[in-house]
Amino acid sequence: SFTYTSLVHGLGRQGKIDEAYRFFERMLDEGHPPNAVVYTSLIKNFFMCGRIDDGHKIFKDMTRRQCKPDVTLYNTYMNCVLKEGDVKKGSEIFEEMKGCGYVPDVRTYSILMNGLIKAGEAQEAYKLYCAMKEQGCELDIHAYNITIHGFCKSGKVNKAYQLLEEMKVKGHPPTVISYGAVIDGLAKVDRLDEAYMLFEEAKAKGIALNVVVYSSLIDGFGKVGRIDEAYLIMEEMMQSGLNPN
RNA sequence: AGUGCAACAGGA
């Protein structure tokens with residue numbers, strides 16, 4: 001099982017999903033029982049190849065063969081359907097998972113929250129954030145970044161800023177993504193001086209800023225007509241070795 | 001052996 005699973009995953013991640021699937025069939029033919037790990041890989045890679053229906057079929061096939069899913073498989077499957085924009089199905093998977101007695105972990109919440117936020121349902125995501133905390137589930141870097149993004153998208157930039165501060169005291173130093181999200185949130189509501197201060201703070205901490213963060217600031221300054229400042233930021237970006245895209 | 005995060009434009 002381990003040998004075949006490695007092979008199936010290796011081929012799948014290279015986009016050779018049909019070859020991967022053939023080895024999966026061979027694994028079954030040789031009498032090795034399928035497991036949640038190989039199904040996780042197949043589901044993810046069928047979706048990655050745009051073979052959505054086949055991805056769903058794999059999940060059904062798993063249930064038919066009485067192979068028990070686990071939290072990782074549910075997380076993966078949920079992420080796949082959410083990336084397709086199917087929030088309804090994503091929530092259904094979340095409910096099914098809980099209904100079967102699985103306890104959502106920090107990734108489960110992060111994945112579903114991210115899907116909801118992307119679909120413009122930040123208020124639903126906030127409910128999950130509360131549920132996650134109520135469950136006693138500790139936030140990690142990804143969960144913080146997703147939540148920060150959700151607050152920014154729903155006009156609660158101050159809450160986003162608070163979370164950035166919370167990260168510092170809870171032993172999760174904010175990354176370029178955390179700073180980038182708050183900087184973008186501030187810039188989008190024209191709070192450019194505050195955005196710029198955070199930008200300076202991130203630089204002072206030695207965080208390697210990237211084109212995304214610079215673009216947020218350039219867009220913010222440009223949008224309100226502060227073209228000179230936008231231009232200076234772009235020059236600084238190029239001087240730090242980043243090419244405009 | 002398998003899972004999660006950020007910007008802008010073309011585009012009304």
Side-chain angles (χ1 to χ4, degrees), chain A residues 1-13 20 23-24 27 32 34-48 55 58-59 62 67 69-83 90 93-94 97 102 104-118 125 128-129 132 137 139-153 160 163-164 167 172 174-188 195 198-199 202 207 209-223 230 233-234 237 242 244-245:
Chain A
S1 288
F2 275 61
T3 315
Y4 275 113
T5 298
S6 299
L7 200 52
V8 167
H9 186 238
L11 288 164
R13 67 191 297 177
F23 275 105
F24 169 69
M27 169 178 158
H32 304 288
N35 53 64
V37 176
V38 74
Y39 275 115
T40 300
S41 174
L42 284 171
I43 290 171
K44 178 179 182 189
N45 289 312
F46 266 116
F47 271 88
M48 294 267 292
I58 297 290
F59 183 80
M62 178 191 68
C67 170
D70 60 11
V71 173
T72 298
L73 188 138
Y74 274 118
N75 288 350
T76 306
Y77 188 36
M78 219 173 54
N79 191 41
C80 288
V81 308
L82 289 169
K83 285 272 148 71
I93 295 168
F94 179 68
M97 156 180 187
Y102 295 92
D105 64 10
V106 64
R107 291 193 185 203
T108 314
Y109 285 111
S110 301
I111 290 167
L112 186 52
M113 285 174 66
N114 189 41
L116 289 166
I117 293 163
K118 290 275 156 60
L128 283 168
Y129 167 74
M132 170 167 59
C137 185
L139 304 223
D140 64 6
I141 307 244
H142 293 275
Y144 272 115
N145 289 346
I146 290 166
T147 311
I148 286 175
H149 192 226
F151 280 135
C152 291
K153 253 200 133 174
L163 272 187
L164 193 74
M167 291 178 82
H172 296 287
T175 65
V176 60
I177 296 179
S178 328
Y179 276 104
V182 182
I183 289 170
D184 184 60
L186 288 166
K188 277 204 161 67
L198 269 185
F199 166 77
I207 293 170
L209 299 177
N210 56 29
V211 184
V212 176
V213 182
Y214 278 101
S215 298
S216 292
L217 272 183
I218 293 169
D219 180 56
F221 278 104
K223 199 171 49 170
I233 292 164
M234 188 171 115
M237 179 184 95
L242 294 168
N245 64 12

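This structure is a prediction, so every number in the text was calculated from the model and none was measured. Reminder, nothing fancy here: chain letters follow the sequence lines and each chain counts from 1.
Between the side chain of A:D70 and the base of B:G2, at least one donor-acceptor pair of N or O atoms lies under 3.5 Å.
Nucleotides B:C5 and B:A9 are separated by 22 Å at their C1' atoms, to the nearest Å. With P as the reference atom, B:A7 and B:U3 are 23 Å apart, rounded to whole Å. Between the P atoms of B:C8 and B:A12, the separation comes to 14 Å (whole Å).
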| remark: Protein heavy-atom contacts under 4.0 Å, written 5' to 3' over nucleotides 3-10 of chain B as B (base), S (sugar-phosphate only) or - (none), form the string BBBBBS--
Quiz: residues 71-78 of chain A side-chain donor-acceptor pairs under 3.5 angstrom, not counting sequence neighbours:
| residue | atom | partner | partner atom | Å |
| --- | --- | --- | --- | --- |
| A:Y74 | OH | A:E96 | OE2 | 3.0 |
| A:N75 | OD1 | A:T108 | OG1 | 2.7 |
| A:N75 | ND2 | A:D105 | OD1 | 3.3 |
| A:T76 | OG1 | A:T72 | O | 2.8 |
| A:Y77 | OH | A:H56 | ND1 | 2.6 |

Show me the donor-acceptor pairs within less than 3.5 Å that the side chains of residues 34-43 of chain A make with the rest of the protein, sequence neighbours left out.
| residue | atom | partner | partner atom | Å |
| --- | --- | --- | --- | --- |
| A:N35 | OD1 | A:V37 | N | 3.0 |
| A:N35 | OD1 | A:V38 | N | 2.8 |
| A:Y39 | OH | A:D61 | OD2 | 2.9 |
| A:T40 | OG1 | A:A36 | O | 2.7 |
| A:S41 | OG | A:N45 | ND2 | 3.4 |

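The side chain to side chain contact (heavy atoms under 4.5 Å, CB included) check on A:T175 picks up A:I141, A:N145, A:I177, A:S178, with sequence neighbours excluded. Not counting sequence neighbours, the partners of A:A125 by the side chain to side chain contact (heavy atoms under 4.5 Å, CB included) test are A:M113, A:L116, A:I117. Take A:K188 and apply the side chain to side chain donor-acceptor pair (under 3.5 Å) test, not counting sequence neighbours, and it matches A:D184.
Atom NZ of residue A:K223 and atom CD1 of residue A:I218 lie 13.0 Å apart, to the nearest 0.5 angstrom.
Looking at heavy-atom distances under 4.0 Å, A:T5 makes contact with a base. Residue A:A36 is classed as a base contact, given a heavy-atom separation below 4.0 Å to a base.
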